[in-house]
Structures are given as structure tokens and as C-alpha cells.
Amino acid sequence: MEVRLGYVAMSVHVANASPSKTMTAAQFDKIGDKEAGLHKLERIAEENIHNCIRLLYHNRAYNIKFFRLSSRLIPLVGHEYTHGWNYMDELAPHFQKLGEVAREDGVRIDFHPDHFVLLNSPRKQVFDTSHKVLEHHIRMLTAMSLSPKHRCVMHVGGAYSDKEKALKRFVANWDKVSPEVRQAIMLENDDKVYTARDTLMLCETLGIPMVLDIHHHRCNPGQDADISSLLPRILATWSRSSLPPKMHISSPRSDKNKRAHADYIRPEELFPFLKEMARMTERLDIMVEAKQKDDAVLRLMDWVKREGEVHGIQAVNGGAFTV
DNA sequence: ACAGGTCAAGTCGTA
DNA sequence: TACGACTTGACCTGT
């Protein structure tokens, strides 16, 4: 099985390379002139995109082939202050360059829209805003000349004091989601409400690839203390995707704060799964969700190099290896 | 220069 | 019904 490790949005190694510099609404308001404000936002976005390119060059050095882009590349997008802003007029060439670098290196790029993007909300306005945010993500992917298919991972949403009803509402709302947005989505189990089993059922019903988050599953296992029996079905949700199945891993921050992400990944979070997965899939992309970002990936890579052989791992090449 | 507070979003638990 | 906590990185304000 070919495994590729990835990390989230920013680096602790590359200095001054934030991909999510922003401007507050108050600051925008203070400028007074909308055109001038939008121009400034475009300059910030340009810098964010440029920093993503720098991060991809950094990834190239370590053969890291999987990367989640920040969902905050363009500040205040969707805010009422920026209504009617054709940000792509200015930013398209920069996105194009970012996409070129990603393609050159064969890097899998994806997004994780923020947790207030909710397709199962009973409030129409929340649904509409969420849909707009997802359309915005597709616009960015298209500007990078990357296929938007299965590039946005998100959660099922809120429980709204009736989980069964809220699950049904997700299915009902799915009809109102545009075909482009539907294709872009992957669903992930969360750490409080929707278990891996809940999410899987939804994914099977609607034909959505499922991203298994191991850490969330440990926080919120439901009836499936052992995830093994669900793994073949989870992998099967990827059968019609051109992308390899994807997982998230992280370790709990502490006993008191189990849900929060630790700085690093404990290798034992990973290895029992790898052998099991290797029997079921040819490829697997693993997103490392750790506070120390790329450094957590580098540390895991060192571990794989040092001790991996015992666990059946061969042919290590930076952030990619074979099990 | 640094610390602590604020922002942005929607949901959810507690008064 | 109203408000604070939650989450995250960055910005903002006061020292």
C-alpha cells in the first residue's frame, strides 16, 4: 500500500509564511472607501496564496504529497461588506500558479471548510451561506485548474436536539445542493455527534466518500468500539473516486482535554491501522492533524525510517512510504 | 516587545 | 431568552 502523509495549511518551519492573514471587518469599515478596501484585501489574499506556493516548495524538499489549503485564503469573502466583489479578476493568475506547482509535484490538495458550514441546519439562511462558502471553494479549485471532485471535507453538522431528524434533513437538503458542490464534498465523522457509523450510512446513501478520523472515532465511537468491521465499507465509499481513500489522524492533547489535538502524533495511533488497511487498499492518504503541523509529519517520517521495518514498512521516501 | 483581549462563524449548554 | 463556551489563527490594544 502506498501511503502519503499530509499536514494542515501552515508550517512551523517556514518563517513568515501564513496562508491566512486577514483583515477585520472593523478595519475594512475604517478605510471608508470600498474599492480601496477591496484592493487591500486582494493584496492580503495574494500574499496568502504566495505563501501557499512557498509551502509547496517546502513540501517538495521532503516529498510531502498531500496538503490541506487554508479556507481563509481570501479575507472577508462572503462578508456583507464585500458584496459583489469579483476577487478572481485579480487573483486568478495567482491561483493558477499555485495549481501549477501542485500539479508539477503531484500533490493532492484539499480543503476543510470551517465548522460553521452546515448543510443540515434547519435555518435556510445558514444553509444558503454554507452553500455559498462551498461554491467559493470550488471557484478557488477551478482557478487552480484542479478538479473540484472530492476536495472539500466537512462534517455532517449539528444535532439540533434530534439527531435522527437532523440526519434526515441532511438527506433532504442534499437535493438542494448543486451538482458541482455535491461532487466536491467528502464527509468526516466528528468527535461529539455523528459517529463513524452515522457518517458511513449517510455516505452510502448519498454516494459521498467518507473520511475516517481516527481521533474523532476514539472520542465518539458509538456502538463500534472496534472500527475494523466498518473499514471495508468506508473504503468502498471511495470506489468511484479518482483519488485514494483519505484518513485523518491525531492524538489527544491530554487526559483532561482528550478532544483537542496534541502537538505530535504517537506512532502507535497509526501503525495498527496501516497493516489492516494495507490488506484492503492499494493507496491511502493520511492527513496529520497535529498542532506542530509539518514538524509532526517530519517526526513521524523519522519514526517510520527508524522503526518502520519492524512494522512491515518499506521504501520510505520522505512523506511517502510503502506498507 | 509582549500579554491578554477580540474577531469571525453557528451550535449548544446553562442560567 | 440570553449569554458564554467552544474552536482557530491572526489582529488589536494596552502596557
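Because the structure is a prediction, the values reported are computed rather than measured. Chain A is the first sequence line, chain B the second, and so forth, proteins listed ahead of strands; every chain is numbered from 1.
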| query | How many Å lie between NE2 on A/His215 and P on C/dT7, as a whole number? | reply | 10 Å
| message | Both A/Arg259 and A/Met23 contact DNA chain C. Taking the nearest nucleotide for each, which residue is further toward the 5' end? | response | A/Arg259
| query | For B/dT11, does OP1 or OP2 lie under 4.0 Å from any side-chain N or O of A/Ser121? | reply | yes
| said: Which nucleotide wins on minimum distance to the side chain of A/Lys291, given the candidates B/dA9, C/dC12, C/dG9? | reply: C/dG9
| message | I'd like to know if A/Val156 and A/Leu119 are part of one continuous hydrophobic network [Ile/Leu/Val/Met/Phe/Trp/Tyr, side-chain heavy atoms within less than 4.5 Å]. | response | yes
| request: Decide yes or no for A/His115 and A/Asp190: does some side-chain heavy atom of the first lie under 4.5 Å from some side-chain heavy atom of the second? | output: no
| request: Would you tell me if any nitrogen or oxygen in the side chain of A/Tyr160 comes within less than 4.0 Å of OP1 or OP2 on B/dC12? | output: no
| message | Could you tell me how far apart A/Lys258 (NZ) and C/dC6 (C1') are, to the nearest whole angstrom? | response | 18 Å
| said: The side chain of A/Gln27 is closest to which nucleotide in this list: C/dC12, C/dT8, C/dT7? | reply: C/dC12
| field | A/Arg123 side-chain N/O to B/dT11 phosphate OP1/OP2 under 4.0 Å | value | yes
| query | If you look at every strand shown and take non-hydrogen atoms under 4.0 Å, does A/Ala159 touch a base, only sugar-phosphate, or nothing? | reply | sugar-phosphate
| said: Please classify the nucleic acid contact of A/Ser18 as base, sugar-phosphate, or nothing, using heavy-atom distances under 4.0 Å. | reply: sugar-phosphate
| message | Expressed as a whole number of angstroms, how long is the span from A/Ile44:CD1 to B/dA8:C1'? | response | 15 Å
| request: Round to the nearest Å and state the distance from A/Asp114 atom CG to C/dA10 atom P. | output: 13 Å
| note | DNA chain C nearest-nucleotide lookup for A/Pro19 and A/Lys30: closer to the 5′ end is A/Pro19
| note | Picking from B/dT11, C/dA10, B/dA9, the nucleotide nearest the side-chain atoms of A/Phe116 would be B/dA9
| message | From the set B/dT11, C/dG9, C/dC11, return the single nucleotide nearest to any side-chain atom of A/Met10. | response | C/dG9
| field | Gap between atoms CZ and C1', on A/Phe28 and B/dC7 respectively (whole Å) | value | 16 Å
| query | When all nucleic acid strands are considered with a 4.0 Å heavy-atom cut-off, which category describes A/Ala260: base, sugar-phosphate, or nothing? | reply | nothing
| CE of A/Met154 versus P of B/dT11: gap in Å, rounded? | 12 Å
| message | What's A/Lys293 touching, base or sugar-phosphate or nothing? Going by heavy atoms closer than 4.0 Å. | response | sugar-phosphate
| task | Measure from the side-chain heavy atoms of A/Ser20 and tell me the nearest of B/dT11, C/dA10, B/dA9. | result | C/dA10
| task | Apply the side-chain hydrogen bond (donor to acceptor under 3.5 Å, both in side chains) test between A/Ser251 and each candidate in A/Glu269, A/Arg266, A/His215; give the one that qualifies. | result | A/Glu269
| Distance in angstrom units between A/Phe127 CZ and B/dG10 P, rounded | 14 Å
| request: Check the hydrophobic clustering (I, L, V, M, F, W, Y; side-chain heavy atoms under 4.5 Å; chains of links allowed) and say if A/Val133 and A/Phe95 are grouped together. | output: no
| said: So, OP1 or OP2 of C/dG9: does either fall under 4.0 Å of a side-chain N or O from A/Ser70? | reply: no
| message | Under a plain distance cut-off of 3.5 Å, with no hydrogens placed, do A/His13 and A/Asp295 share a side-chain donor-acceptor pair? | response | yes
| Rounded to whole angstroms, how far apart are CD on A/Glu289 and P on C/dT7? | 14 Å
| request: Take A/Ser178 and A/Glu135 through the side chain to side chain donor-acceptor pair (under 3.5 Å) test and state the conclusion after the steps. | output: CA-CA 9 Å; A/Ser178 76; A/Glu135 283 173 333; 4.7 Å; no
